[in-house]
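To start, the structure itself, in structure tokens.
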Amino acid sequence: MKVSPSLLAADFADLKTDIEMINTSNADYLHLDVMDGVFVPNISFGFPVLDAVGKICTKPLDVHLMTVEPERWLEPVRDCGAYLMNFHIEACRHSHRLISEIHKAGMKAGVTLNPSTPVVMLTDIIGDLDLVLLMSVNPGFGGQPFIRHTLEKTRMLRRMIDEAGSKALIQIDGGVNENTGRELAEAGADILVAGSYVFGADDPHARIDLLKAL
């Protein structure tokens, strides 16, 4: 299992220390949730923070845009050194075009589905994607309980990817811990996003290693 700790749960008064913790851990990515207060009812951080993080983080940046008009932010995401740009299908009118532009910009392309959005929405683009993120909580806030239907949704997505011969990885975000992580691994997930479970632990490295072993 791959692990992408979410910066949203880090100590914003001491981000450098938390990022250095990630750098020395076995995490595979650093997950960055950009919220605009419009698409989701919260605001997180903007591109000055992403630029600063990109200068000191040695892990690939996994940027998740919880914003309207995600196509507006392609260049700033690229310029912060992002490995992957991930946008919500619910927020984009021309998903195929944006996926192509993300690839042209030298990044991997991901699409996120909210809990109420069915995986069938991906039928026509699944072959073009590098990653699909299933939200297992309603986006906008950390610390929410895991939505159990995500397990069946993960199984459905796994079948869709396999039948299409797609290379897309399945990422899950929300309510991830050792118990839900184990169930998600069995359902076919490839990457787990974990926020408070990692950053709120006495030993964050051990929590990351536990998830990676699932």
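Hydrogens, waters and symmetry mates are skipped; everything else that's a heavy atom, side chains included, is used. Throughout, residue positions are numbered sequentially from 1 according to the sequence presented. All values derive from a computational prediction rather than experimental measurement.
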May I ask you to say whether Arg207 pairs ionically with Asp203, meaning some side-chain N is under 4.0 Å from a carboxylate O? no

Indicate yes or no: at least one non-hydrogen side-chain atom of Tyr29 is less than 4.5 angstrom from one of Lys2. yes

Checking side-chain contact (heavy atoms from CB on, under 4.5 Å) for the pair Leu15/Leu7: CA distance, chi angles, key distance, verdict? CA-CA 9 Å; Leu15 273 184; Leu7 192 71; 3.8 Å; yes

Say whether Thr112 and Asn86, considering side chains only, have a donor N or O and an acceptor N or O under 3.5 Å apart. yes

Can you name the nearest heavy-atom pair linking Leu30 to Ser4, along with the distance? C-OG, 3.7 Å

Say you draw a straight line from CG of Leu98 to CZ of Arg72; how long is it, rounded to the nearest 0.5 Å? 13.5 Å

Could you give me the CA-CA distance, side-chain angles and deciding distance for Phe87 and Ile102, then say whether side-chain contact (heavy atoms from CB on, under 4.5 Å) is met? CA-CA 10 Å; Phe87 64 93; Ile102 292 170; 3.9 Å; yes

Leu169 CG to Leu131 CG distance, which is reported to the nearest 0.5 Å: 6.0 Å

Gap separating the CG atom of Asn26 from the CG atom of Leu211, nearest 0.5 angstrom: 11.5 Å

For Gly174 versus Ser136, what's the shortest heavy-atom pair and its separation? O-OG, 2.6 Å

Side chains of Ile125 and Ile89: does their closest heavy-atom pair fall under 4.5 Å? yes

Are any of the side-chain heavy atoms of Phe199 and Met21 separated by less than 4.5 Å? yes

Give a yes or no on whether the backbone of Val38 and the side-chain of Asp36 come within a donor-acceptor separation of less than 3.5 Å. yes

If you compare all heavy atoms of Ile170 against all heavy atoms of Gly188, which two are closest, and at what distance to 0.1 Å? CD1-O, 3.7 Å

Regarding Thr117 and Asn114, do their side chains bring together a donor and an acceptor under 3.5 Å, going by distance alone? no

Kindly indicate, with the supporting measurements, whether the criterion side chain to side chain donor-acceptor pair (under 3.5 Å) is fulfilled by His64 and Asp62. CA-CA 7 Å; His64 174 199; Asp62 163 21; over 6 Å; no

Leu8 with Val193, same ILVMFWY side-chain cluster at under 4.5 Å: no

Indicate the atoms forming the closest heavy-atom contact of Cys92 with Glu71, along with that distance. SG-OE1, 4.2 Å

Before accepting this row, confirm whether a basic side-chain N of the pair Glu152/Arg159 lies closer than 4.0 Å to the acidic partner's carboxylate O. yes

Does the side-chain contact (heavy atoms from CB on, under 4.5 Å) test come out yes or no for Leu192 and Met1, once each step is laid out? CA-CA 7 Å; Leu192 299 177; Met1 180 64 67; 3.7 Å; yes

Under a plain distance cut-off of 3.5 Å, with no hydrogens placed, do Ser6 and Asp173 share a side-chain donor-acceptor pair? no

Heavy-atom closest pair, residues Ala91 and Val68: CB-CA, 4.3 Å

Compare all side-chain heavy atoms of Leu133 with those of Val111 and state whether any distance is below 4.5 angstrom. no

Could you tell me whether the side chain of Pro115 reaches within less than 4.5 Å of the side chain of His149, counting heavy atoms only? no

Can any side-chain N or O of Thr67 pair as donor or acceptor with the backbone N or O of Met35 at less than 3.5 Å? no

With a 4.5 Å heavy-atom cut-off, do Asp33 and Met66 have their side chains touching? yes

Test: Arg158 and Asp190 ion pair at under 4.0 Å: yes

Whether the side chain of Asp28 engages the backbone of Val3 through a donor-acceptor N/O pair (distance < 3.5 Å, no angle test) should be reported. yes

Chi angles and distances behind the ring-ring contact (aromatic ring centres under 6.0 Å, His included) call for Phe47, Trp73: CA-CA 9 Å; Phe47 291 100; Trp73 310 116; 5.6 Å; yes

Counting C-beta onward and ignoring hydrogens, is there a side-chain heavy-atom pair between Val119 and Lys153 closer than 4.5 Å? yes

What distance do Lys212 atom NZ and Leu210 atom CG have between them, rounded to the nearest 0.5 Å? 12.0 Å

Check whether any side-chain heavy atom of Leu184 lies under 4.5 Å from a side-chain heavy atom of Phe146, and answer yes or no. yes

Does any pair with a residue in residues 93-111 pass side chain to side chain donor-acceptor pair (under 3.5 Å), and if so which ones, sequence neighbours excluded? His103-Asp130

In this structure, would Ile43 and Phe45 fall into the same cluster of hydrophobic residues linked by side-chain contacts under 4.5 Å? no

Is there a donor-acceptor contact under 3.5 Å from the side chain of Ser166 to the main chain of Ile126? yes

CE of Met156 to CG of Leu151, rounded to nearest 0.5 Å, is 10.5 Å

Within the supplied structure, the quantity of interest is the number of heavy atoms (other residues, nucleotides, ligands) at a distance under 6.0 Å from Asp162 CG; does it exceed 12? yes

Tell me, with the steps shown, if Leu84 and Met107 meet side-chain contact (heavy atoms from CB on, under 4.5 Å). CA-CA 5 Å; Leu84 179 138; Met107 295 179 287; 6.0 Å; no

Should Leu157 and Ile147 be regarded as members of a common hydrophobic cluster, given that ILVMFWY residues are connected when their side-chain heavy atoms come within less than 4.5 Å of each other, either directly or indirectly? no

With rounding to the nearest 0.5 angstrom, report the CE to CG distance, Met160 to Leu122. 6.0 Å

Would you list the atom pairs, donor with acceptor, under 3.5 Å between side chains in residues 53-61 and any protein atom, with sequence neighbours excluded?
unit_1, atom_1, unit_2, atom_2, d
Thr58, OG1, Asn23, OD1, 3.0
Lys59, NZ, Ser25, O, 3.0
Lys59, NZ, Ala27, O, 3.0

Can you name the closest pair of heavy atoms from Pro5 and Ile208 and give their distance? CG-CD1, 4.0 Å

